[in-house]
Amino acid sequence: MEPKIKETAWNPEIEKQILKQWEDSKIYEFRPEGDIFVIDTPPPYPSGRPWHIGAAAHYAQIDMIARTARMEGKNVLFPIGIDRNGLPVEMYTEKKYNIRMHETDRAEFLNLCSTALDDLEAEMIQIMKSLGLSGNFSEYYRTDSEQYRSLTQATFIELWKKGMVYIANRPNNYDWVTGTTIADAEIIYEDIPTKLVYMKFKIKDSDMILTIASTRPELLCACQAIIVNPDDERYSSVVGKNAVIPVINREVQIRTHPSAEKEFGSGAVMVCSYGDQNDVALFRELKLEEIVAIGKNGRMTEVAGAYSGLKVKQAREKIIEDLQNQNLVEKIENINHRTPISERSKIPIEIIAMEEYYLRQKESVEKIKELGSKIVFHPSMHKQILMNWLESITIDWPISRRRFYGTEIPIWYCKKCSEPHVPEPGKYYRPWKDACPISKCTKCGATEFVGEERTFDTWMDSSVSPLYVSKYNRDEEFFKKTYPASIRPQSKDIVRTWLYYTILRCEQLTGVTPWKDAWIMGYGVDEHGAKMSKSKGNVVDPLPVIQKFGADTFRFWSASEINLGYDFRCSEQKIETTKKFLSKLWNISRFLSGFPIIKSAKTTPTDNWILSELDNVVSECRKGFEDYNFFVPSTSIREFTWNLFAAHYIEMVKGRAYSTGFSEEERDAAIFTLHKVLSTLLLLLAPITPFITDYLWQQIQYSDKTVHKEKFPQTENPQDWTKFTKSITEFNSNVWNKKKEQSLSLKDAIEMEIPEDLQQFAKDLKAMHNLR
RNA sequence: GGGUUCAUAGUCCAGUUGGUUAUGACGUCGCCCUUACACGGCGAAGAUCCAGGGUUCGAAUCCCUGUGGACCCA
């Protein structure tokens, strides 16, 4: 019989047609009824070209989650969004047009950002579509839309009214390049080579010299105390006395404090506003008066005297030089200092006191620990990242940012008494340009207002994503059915931000955990295991790879190469070799497409053996799918298909299927089994490689609809025949080896004994090897 | 300094509750067009399972110590 499939290899070009078929027939449309499964999809951030191949692999797997749930009979809400708020696009725009945000007209700057985002977004959507994501593209959302931003603002207003927000002037992490306060979660630490300068301080009214080591000599002008450890006998005689700050020539008192480490530097520490978080704590504890030495522009202020106007780094070099000239330096050590760096602009942050809005989070920590412990993490080990983060939260969340491209903080201040007012929730407010919606100050009765200019930290937007997709505040009925969501898929580097903030905000607003499961993926690294970065030039662009090898190849690579939760290596060569498996599957299908589909038959021992192995595969796959792990199913399917089904079973029954020397009943049993195995494999593979499986399913005509409307196969627990697997494969190997030794062709006849335990397979084996 | 995690052939990786000869793939080297597939088939070489110690009749697997890497936190 002529095979229905003609070509000898899978052509990824066909994917485009299939994609169109899916779109036209709307097979992935969500209906809010029955068993509902909601994915809190991460909206990707279009921060520049190219998009990360690891991210593409990540989305391919999220789609597998969606398809798995669908094949288990669930109605799946798989939203697609684009995250468009925040610093990266502002920096991208500044660079692209060579402008500075704070020196550009706000409305104009926002327009430029928006245009830049549109371009980058278009490419991402194209990649996501060509990957075959079964998400809701027709209603894809943007986090900078009026609707989304009005939700961010409404949730803020709700928390404001509950008293969860307050304003405070306190030292905070400040990034002078981007000109804004940042949260602890946005800080990374890097070891940077730094000079540890041992400076000589004179003790007043004595000839004694006190040596103090510091990495921040430029902060001498902001020094308000010197501390030594209370147990440090070297300094017990000078405690209580005053020391003279070198170069600055101002006096400060020497005190004791347990945070001074005897072993670090000289054991004496200068306390300045503010070298690090420890200084902040000491200023508060010792009630010292703050001296503002560094301005918002990252330069030294007038209190720095001769150094005023210099950037911090320049001031440091200059003051070291001056100290050396005046013979006030004992020595300089080169050390690697763990330095806090702004995640965005990569510069060391400064700690500067500023007035910012804070969202209360400290009192929620215990509650979130409790909620967090109930969320099922995949893999479970990554729950620890959240728990460790919760342990380290010491201050509330500063949520205001001095940036433009973000959701505006919806507050107006009374011009007369400065009382802040929030408007009614539900609309999108831009206080920097909109007229004030409040008519009269509730405190003093004045009628003139001035709008807040700051925006929110972007995590204020991102942290309500599960509320947005389930239409919180917009559609009560829909919300009830779709919240909490089923699963949050995301990568492990944003556990302490996105994952944590979402639980925090949703708990504050709804009192419950936003999802039942959290699915945490590792990073994509390059082929040598190094992190991909634009500066290293090792970023792999996913688009050409997908175009070259096809989405299914890329997806199968993603499934079979990535162990959930662990970092994975991306190399084009690996992806290329994955394509071979799809060719194998294609050719098996091509062979089978020549035989009629037989619905039932009286199977022989050989058939029972492969069906028994197949049942194991089904059970393995179901276990993997249950854990949202695609590594297990893809590898076990590949191994079974290639090394048992194709290599042994098909070879054993080929003669029987062609009916040479076999009864019709025996032939039908072989054909029945071949189709049974292949159709089961296609179903199991459908969530992983949706294109090729759908194409083959429809070409062979296993049913009159798409494979994606089918349900997963169940295990049937037939009698266990797998004990014969080893004997069968070994016997076949022996025959092949014998023929090779005797330089026989595989079709040549040979004399060999079939072992006792394989007698029931004898007829197939004889036909297969031409045994005499 | 604390935490998480990893260490298995040239490379990547599997190994479920400890049980004969350690899985598969890529790569390498032979041989082979055998009517699904040369994007294929068969075969071969290649591993002190990071080191040391312990528990055990028996350890890649469990425990301890150390070494090296990745990440997180202070």
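Residue numbers begin at 1 in each chain, while the letters A, B, ... track the order of the sequences.
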Leu585(A) CG to rG40(B) P, in whole Å, measures 14 Å

Check the side chains of Ser558(A) and Gln61(A) for a donor-acceptor pair under 3.5 angstrom, ignoring hydrogens and angles. yes

For Lys492(A) and rA70(B), what is the distance between atoms NZ and P respectively, to the nearest whole Å? 12 Å

Give Asn643(A) one of three labels, base, sugar-phosphate or nothing, depending on what nucleic acid heavy atoms sit under 4.0 Å from its own. sugar-phosphate

Say you draw a straight line from CG of Leu219(A) to OG of Ser273(A); how long is it, rounded to the nearest 0.5 Å? 7.5 Å

Classify the ring geometry of Tyr658(A) against Phe595(A): parallel below 30°, tilted from 30° to 60°, perpendicular beyond 60°. tilted

Rounded to whole angstroms, how far apart are CG on Asn734(A) and C1' on rC42(B)? 13 Å

Protein N or O to nucleotides 2-9 of chain B N or O, pairs below 3.5 Å:
residue: rG3(B); atom: O2'; partner: Asn388(A); partner atom: ND2; Å: 3.4

Check against ring-ring contact (aromatic ring centres under 6.0 Å, His included), His648(A) and Trp736(A): CA-CA 12 Å; His648(A) 295 277; Trp736(A) 287 323; 5.6 Å; yes

According to salt bridge (charged side-chain N to carboxylate O under 4.0 Å, His left out), who are the partners of Glu639(A), at least two apart in sequence or on a separate chain? none

Would you call Glu651(A) and Lys654(A) a salt bridge, using N to O less than 4.0 angstrom? yes

Just to confirm, is there a sub-4.0 Å distance from OP1 or OP2 of rA25(B) to any side-chain nitrogen or oxygen of Thr635(A)? no

Taking only residues two or more places apart in sequence, or in another chain, which ones meet Arg622(A) in a salt bridge (charged side-chain N to carboxylate O under 4.0 Å, His left out)? none

Strictly by modelled atom types, are Ser342(A) and Asp175(A) linked by a side-chain donor-acceptor pair under 3.5 Å? yes

Partners of His675(A) by ring-ring contact (aromatic ring centres under 6.0 Å, His included), sequence neighbours excluded? Tyr702(A)

Please enumerate all protein N or O atoms sitting under 3.5 Å from an N or O of nucleotides 60-63 of chain B, with distances to 0.1 Å.
none

Measure CG/Leu744(A) against C1'/rG41(B) and give the value in whole Å, please. 16 Å

Go along nucleotides 31-38 of chain B 5' to 3' and tag each nucleotide: B for a protein heavy atom under 4.0 Å from its base, S when only backbone or sugar atoms are that close, - otherwise. B--B-BB-

Strictly under 4.0 angstrom, non-hydrogen atoms only: write out the protein contact profile of nucleotides 13-21 of chain B, one letter per nucleotide from the 5' end, B, S or -. SS-------

Of the candidates rG43(B), rC71(B), rG24(B), the side chain of Glu639(A) sits closest to rG24(B)

Let me know the distance between CZ of Arg638(A) and P of rC39(B), rounded to the nearest Å. 19 Å

Distance check, C1' atoms only: rC26(B) and rA9(B), in whole angstrom units. 12 Å

Dot-bracket for RNA chain B: what is it, with Watson-Crick or G-U pairs under 3.5 Å, [ ] where a pair crosses earlier ones, and | for a pair to another strand? (((((((..(((......[....))).(((((.......))))).....(((((..]....)))))))))))).

For RNA chain B, what residues of residues 570-579 of chain A have any heavy atom nearer than 4.0 Å? Gln573(A), Lys574(A), Thr577(A)

Min side-chain heavy-atom separation Tyr500(A)-Ile393(A) under 4.5 Å: yes

When all nucleic acid strands are considered with a 4.0 Å heavy-atom cut-off, which category describes Trp642(A): base, sugar-phosphate, or nothing? sugar-phosphate

Any non-hydrogen side-chain atom of Glu561(A) less than 4.5 Å from a side-chain atom of Arg569(A)? no

Can you confirm whether Lys738(A) sits close enough to Leu744(A) that some side-chain heavy atom of one is under 4.5 Å from a side-chain heavy atom of the other? no

Pairwise P distance for rG43(B) and rU48(B), with rounding to whole Å: 25 Å

Would you mind reporting whether Phe568(A) and Cys570(A) have side-chain heavy atoms less than 4.5 Å apart? yes

Is it the case that over 12 heavy atoms from other parts of the model lie below 6.0 angstrom from the NZ atom of Lys383(A)? yes

Starting at NE2 of His648(A) and ending at P of rG41(B), how long is that distance when rounded to a whole Å? 11 Å

Can you tell if the side chain of Trp697(A) reaches within under 4.5 Å of the side chain of Ser679(A), non-hydrogen atoms only? yes

When the distance from CG of Leu644(A) to P of rG24(B) is rounded to whole Å, what number comes out? 11 Å

Using atom types as modelled and distance alone, determine if a side-chain donor or acceptor of Lys369(A) lies under 3.5 Å from a backbone N or O of Leu390(A). no

Between Arg590(A) and Trp10(A), is NZ or CZ placed under 6.0 angstrom from the six-membered ring centre and within 45° of the ring axis? no

Test side chain to side chain donor-acceptor pair (under 3.5 Å), reference Tyr649(A), set Thr606(A), Asp607(A), Asp764(A), output is Asp607(A)

Atom CD1 of Ile520(A) and atom P of rC71(B) are separated, to the nearest Å, by 18 Å

With sequence neighbours excluded, tell me which residues meet ring-ring contact (aromatic ring centres under 6.0 Å, His included) with Phe377(A). none

Would you check, one step at a time, whether the test ring-ring contact (aromatic ring centres under 6.0 Å, His included) holds for Trp557(A) with Phe581(A)? CA-CA 10 Å; Trp557(A) 163 78; Phe581(A) 173 67; over 10 Å; no

Interface residues of residues 548-560 of chain A with RNA chain B (non-hydrogen, below 4.0 angstrom): none

Taking salt bridge (charged side-chain N to carboxylate O under 4.0 Å, His left out) as the test, write out the residues that go with Lys676(A), two or more places apart. Glu716(A)

Where does the angle between the aromatic ring planes of Phe625(A) and Phe630(A) fall among parallel (under 30°), tilted (30 to 60°) and perpendicular (over 60°)? tilted

C1'-based separation of rG18(B) from rU55(B) [nearest Å]: 11 Å

